[in-house]
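Notes to accompany the following structure.
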Amino acid sequence: MKFRSKMIDVGCLNPFTRVVNTIAKLNKTCVLRLTPDNLYFVLSGKVSNGGVSMWCELLQVNFFDEYQIEGVSPDANEICLELAPENISRALKTAQNAKSVKIKLTKKHCPCLTLAAELPSLSSVSRVVTHDIPVDVIPRRMWHDFKEPSMPDFDVSVYLPHLKLMKNIVDRMKNLSNYLVIEANLSGEMNLKIETDLVAVTTHFKDLGNPPWDIVHKRIVHLILLHEDVSLQYFIPAVA
């Protein structure tokens, strides 16, 4: 297996860093799936057991100027790696002003993703900061757990309000209760509600609109974020 990539257009570095920082806040470990055309960050919690799942898809050509991969075999040209996204996040912090960033799969004391950032220098000698991020290579027999999730039949689907507004509301509510009730209907209305022995708070949204397709009844909330070059799906199990 071989993988190497290079990011020369550092304008792509900030959005890539934001994606990694977001994923690092969701879980301590994730799976990085590499294919010739895409990178995927995957959380594969079992929803039936209360786990949270996530699927984040990045088109590699939108981020990397050079990108080469040789997977486990010609008929399975993929590589799946388990890693701590926080380690990538920390490495990218040192690369924010870099002239270029290289990422490749290496073999040190263990398999690693090696990130090398070429930093600006006042002299003719380049400064390169290198980070070796330990990874576990996932065998092919386990890849079925990290394929794109199927799209369930929706009971209700609504466009979300402005994400910063929604985040501020949820951040306040989580200080009052461990559970949040989400209600939505086909009239473009949505409520965020908490109820405890001491307090009941509800935030109402209306005129959100409904996407043009037909969340699984009382089982799961499926959030989909489409933003420029990033597609992110997030699955949150409901509590009956």
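These values consider heavy atoms only, across backbone and side chains, with no hydrogens, waters or symmetry-generated copies.
In this structure the side chain of I69 reaches within 4.5 angstrom of the side chain of I79, judged on heavy atoms.
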*Take L83 and D136 through the test side chain to side chain contact (heavy atoms under 4.5 Å, CB included) and record every step on the way to the result.*
CA-CA 7 Å; L83 49 80; D136 289 326; over 6 Å; no
*Walk me through it: do L176 and R172 pass the test side chain to side chain contact (heavy atoms under 4.5 Å, CB included)?*
CA-CA 7 Å; L176 301 175; R172 294 179 182 180; over 6 Å; no
*May I have the step-by-step check of salt bridge (Lys or Arg N to Asp or Glu O under 4.0 Å) for E78 and R33, ending in yes or no?*
CA-CA 7 Å; E78 299 183 16; R33 179 183 167 208; 3.0 Å; yes
*For V72 and R140, run side chain to side chain contact (heavy atoms under 4.5 Å, CB included): C-alpha distance rounded to whole Å, both residues' side-chain angles, the deciding distance at 0.1 Å, then the answer.*
CA-CA 8 Å; V72 297; R140 184 177 178 180; 4.3 Å; yes
*Take M173 and I194, measure what side chain to side chain contact (heavy atoms under 4.5 Å, CB included) needs, and give me the verdict at the end.*
CA-CA 7 Å; M173 287 183 166; I194 59 170; 4.0 Å; yes
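The hydrophobic clustering, which links ILVMFWY residues whose side-chain heavy atoms are closer than 4.5 Å, places L192 and V199 together. If you chain together hydrophobic residues whose side chains sit under 4.5 Å apart, L115 and V129 never meet in one group. Note on M7 and F3: same hydrophobic cluster, where clusters join Ile, Leu, Val, Met, Phe, Trp and Tyr whose side-chain heavy atoms are under 4.5 Å apart, directly or indirectly. Using a 4.5 Å cut-off between side-chain heavy atoms of Ile, Leu, Val, Met, Phe, Trp and Tyr, with links allowed through other members, M142 and L34 fall into the same hydrophobic cluster. Side-chain heavy atoms closer than 4.5 Å link hydrophobic residues (I, L, V, M, F, W, Y) into clusters, and following such links, even through other members, never connects L119 to V128.
One side chain, N21 or S89, offers a donor N or O that lies under 3.5 Å from an acceptor on the other. For the residue pair T17 and Q96, a side-chain donor N or O sits within less than 3.5 Å of a side-chain acceptor on the partner. Side-chain polar atoms of T114 and H131 form no donor-acceptor pair below 3.5 angstrom. Looking only at atom types and distance, the side chain of D37 has no donor-acceptor partner in the side chain of T35 under 3.5 Å away.
Without hydrogens or angle criteria, N77 side chain to G71 main chain gives a donor-acceptor distance under 3.5 Å. The backbone N or O of S187 lies less than 3.5 Å from a partner atom in the side chain of N185, making a donor-acceptor pair.
Salt bridge annotation for K108-D132: present, with a cationic side-chain nitrogen under 4.0 angstrom from a carboxylate oxygen.
Heavy atoms only, all atoms of each residue included: V158 and E189 are closest at CG1-O, 4.4 Å. Taking all atoms of both residues into account, the shortest heavy-atom contact from F64 to I103 is CE2-CD1, 4.3 Å.
To the nearest 0.5 Å, atoms NZ (K104) and NZ (K2) are separated by 11.5 Å.
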